[in-house]
Amino acid sequence: MPLPDLSPETRHLIDGRLVESVSGARFPNINPATGDVLGTTADGTVTDLQAAIAAARRAFDATGWATDAALRARCLRQLHAGLVAEKEQLRSIVVREAGAPIALTPFMQVDDPIDMLEYWARKAETAVYEQPMADVSFLGRPQRRILRREAMGVVGAITPWNAPLLLNITKIGAALAAGCAVVLKPAPDTPWSATHLGRIATAATDLPPGVLNIVASSDPLVGEALVRDPRVDMVTFTGSTATGRRVMECGATTVKKVFLELGGKSAAIVLDDADLAAVLPGAAATCLHSGQGCAITTRWLVPRARYTEALGILRAAFGAWKYGDPEDPANLQGPQISARQQERVLASIERGRAEGARLLFGGDRPARRGFFVEPTLFVDVDPGSAIAQEEIFGPVCCVIPYENDDQAVSIANDSIYGLSGAVYSTDEQRALGVARRIRAGTISVNGGQWFHVDTPFGGYRQSGVGRENGEQGFEEHLQTKVIALPGVAGQG
Ligand code: NAD
């Protein structure tokens, strides 16, 4: 079925109204598969962002939003219905502005993400916000205590471009469910996956003005104003580890809670008893969405005893991998998001060559329009080299030979990251034993899938701080308060 025409919302949502920037400026939105300009978006500055923060502050402080869980659940369900009604339009936006392969949109980019709002609606209405604690005695006097969970306040959300609708919904869903007011600042490369949500929110929901604000900008540094502002209580950020460090630094000036979902360099360990013919073709999935996924396993650890056999299977898998036009359902790999990212990925590949890794497949820019990079397979990769240590965020798989299970675990853990990982073995217990030793937030054993809205997702080490989704993801948006009262003598 052809994608519907784009007629996206291109204005900010501030205080319940869809508005242009105060400056009147606009910036272009580029289709990475062609390099063509799709259209323009209102270009927010710190002035627009500050209006959004003021609106969010008012909505949080002066309305009953934070304490009306039934209203929150209703609004989240209305938002869900509004998004379902415009699902094909949203699919069009995500495919065209993010270059996301259409075949991946049901799971990672559009359908499942939209349905996550149902989970957040249920969470809002079923969470326990106040409960008694066990009575205690203090200096011989009985004491009662009430444990309360209250919304964190105004949340500044900053999102990347690789899964823009998913991450915008993830941030908005959890924060609104908990009773927070939100200012969302999306990535400059994918503004409409955010601004279009603004139109749906105004048209389809009873969200009080100011509870949800969305400000797009061509200037990534506008986000710093959100992080520094004392009226913002918490920042939830998804992006690179380098920017995450900067966000943490900027948040320190007001000692605000900073929640970070950052980069990864996850390892897949193929144990020596694994069915290589069944497992190794999966390594080509390093190139899914052009390798632009934080949790993709980009380091494949293969037993030296079966190395030659493994390389034959890997070479064939990369040769059979389909990439190209993201609107063609046969392709699971489209372009890199921008010319800049394409250059960055190609520079990493050059570095890999210079470091002495053996290029078994790909490595070049294909002769076509758009920001494409060939699916690329490096073997004989030194685990300490830059291509084995740095997040490339491109379709580049690094194969590293190892001698025994202990060495495989130690290579997997030799990273500043700790986001995800995978283990393959015909012996499930053995694989589980290895999975328990990997220091990362989510591990797949024998192809098991952890991705779901109720799965707490996040990283060890420099892959992040905190967990998104699930009960833990909800709790990140709540403060804890204890109220103590004198107990009743003779009771407790
Ligand atoms: P990025 O860090 O360049 O940008 C992310 C967001 O931060 C964008 O909205 C950007 O405009 C904004 N930003 C940039 N500089 C800023 C600053 N100084 N202050 C405040 N905001 C700033 O990341 P990206 O290139 O958009 O996305 C790719 C990265 O995101 C990869 O490293 C990937 O691993 C990571 N990622 C992580 C997860 C996860 O859940 N762990 C999910 C998706 C992507």
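Here the structure is a predicted model, which is why all the values come from computation and not from measurement. Order of listing sets the numbers, starting from 1, for every ligand and every atom in it.
- Atoms CZ and CD1, from Arg58 and Ile53 in turn, are 12.0 Å apart once rounded to the nearest 0.5 Å.
- Enclosure of atom CZ in Arg344 is not indicated, since only 12 or fewer non-hydrogen atoms of other residues, nucleotides or ligands lie within 6.0 angstrom.
- Contact annotation: the side chain of Phe237 approaches that of Leu262 to within less than 4.5 Å [non-hydrogen atoms, C-beta and beyond].
- Among all protein heavy atoms, the one lying closest to atom 39 (C) of ligand 1 is Cys294 SG, 3.2 Å.
- At a 3.5 angstrom cut-off on N or O pairs, Arg246 does not count as close to ligand 1.
- At least one N or O atom of Lys185, backbone or side chain, sits closer than 3.5 Å to an N or O atom of ligand 1.
- When Ile337, Asn162, Ile158 are checked for heavy-atom proximity to atom 43 (C) of ligand 1, Asn162 turns out nearest.
- Of the candidates Pro220, Pro188, Gly223, Pro220 brings a heavy atom nearest to atom 22 (C) of ligand 1.
- Residues Leu90 and His196 share a closest heavy-atom pair of CD2-CD2, 3.8 Å.
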Determine whether Thr105 and Arg91 satisfy the following criterion, side-chain hydrogen bond (donor to acceptor under 3.5 Å, both in side chains), listing intermediate values before the conclusion.
CA-CA 7 Å; Thr105 57; Arg91 195 182 317 281; 3.0 Å; yes
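- Each of the following atoms of ligand 1 lies closer than 4.0 Å to a heavy atom of Leu221: 18 (N).
- Protein heavy atom nearest atom 17 (C) of ligand 1, with residue, atom name and distance: Glu224 CG, 3.6 Å.
- Here's the thing with Leu262: one of its N/O atoms is less than 3.5 angstrom from an N/O atom of ligand 1.
- Here the protein heavy atom with the shortest distance to atom 24 (P) of ligand 1 is Trp161 NE1, 3.3 Å.
- The environment of Lys257 atom NZ is dense: over 12 non-hydrogen atoms of other residues, nucleotides or ligands sit within 6.0 angstrom.
- Nearest heavy-atom pair across Ala103 and Asn331 is CB-O, 4.3 Å.
- For atom 29 (C) of ligand 1, the candidate residues are Ser240, Gly156, Gly244; the nearest heavy-atom contact is made by Ser240.
- Remark: Arg368 qualifies as a cation-pi partner of Phe372 under the 6.0 Å distance and 45° angle criteria applied to the six-membered ring.
- In terms of protein heavy-atom proximity, atom 35 (C) of ligand 1 is nearest to Gly239 O, 3.1 Å.
- Relative ring orientation between Phe393 and Trp161 is described as perpendicular, the plane-to-plane angle rising above 60° on a 0-90° scale split at 30° and 60°.
- Within the structure, the closest approach of Leu167 to ligand 1 falls below 4.0 Å when heavy atoms are considered.
- Below 4.0 Å from some heavy atom of Glu261 lie the following atoms of ligand 1, by number and element: 37 (C), 39 (C), 40 (O), 41 (N).
- Remark: minimum distance from atom 34 (O) of ligand 1 to any protein heavy atom is reached at Glu391 OE2, 2.6 Å.
- Under the side-chain hydrogen bond (donor to acceptor under 3.5 Å, both in side chains) criterion, Thr202 pairs with no residue at all, not counting sequence neighbours.
- Nearest heavy atom pair, residue Asp414 against residue Pro383, reads OD2-O, 4.4 Å.
- Atom 27 (O) of ligand 1 has Pro160 CB, 3.3 Å as its closest protein atom, hydrogens excluded (heavy atom only).
- Those atoms of ligand 1 that come under 4.0 Å of a heavy atom in Thr238, given as number and element, are 5 (C), 36 (N), 37 (C), 38 (C), 39 (C), 40 (O), 42 (C), 43 (C), 44 (C).
- Scanning the protein for heavy atoms near atom 16 (C) of ligand 1, the closest one is Thr243 CG2, 3.3 Å.
- The shortest N or O to N or O distance between Thr159 and ligand 1 is below 3.5 Å.
- For ligand 1, the atoms closer than 4.0 angstrom to any heavy atom of Pro186 are 9 (O).
- Put simply, atom 4 (O) of ligand 1 has no protein non-hydrogen atoms near it, under 4.0 Å away.
- At a threshold of 4.5 Å between non-hydrogen side-chain atoms, the residues Thr241 and Glu391 do not count as touching.
- Rounding to the nearest 0.5 angstrom, the gap separating the CZ atom in Phe457 from the OG1 atom in Thr170 is 10.0 Å.
- Phe393 CE2, 3.5 Å is the protein heavy atom nearest to atom 28 (C) of ligand 1.
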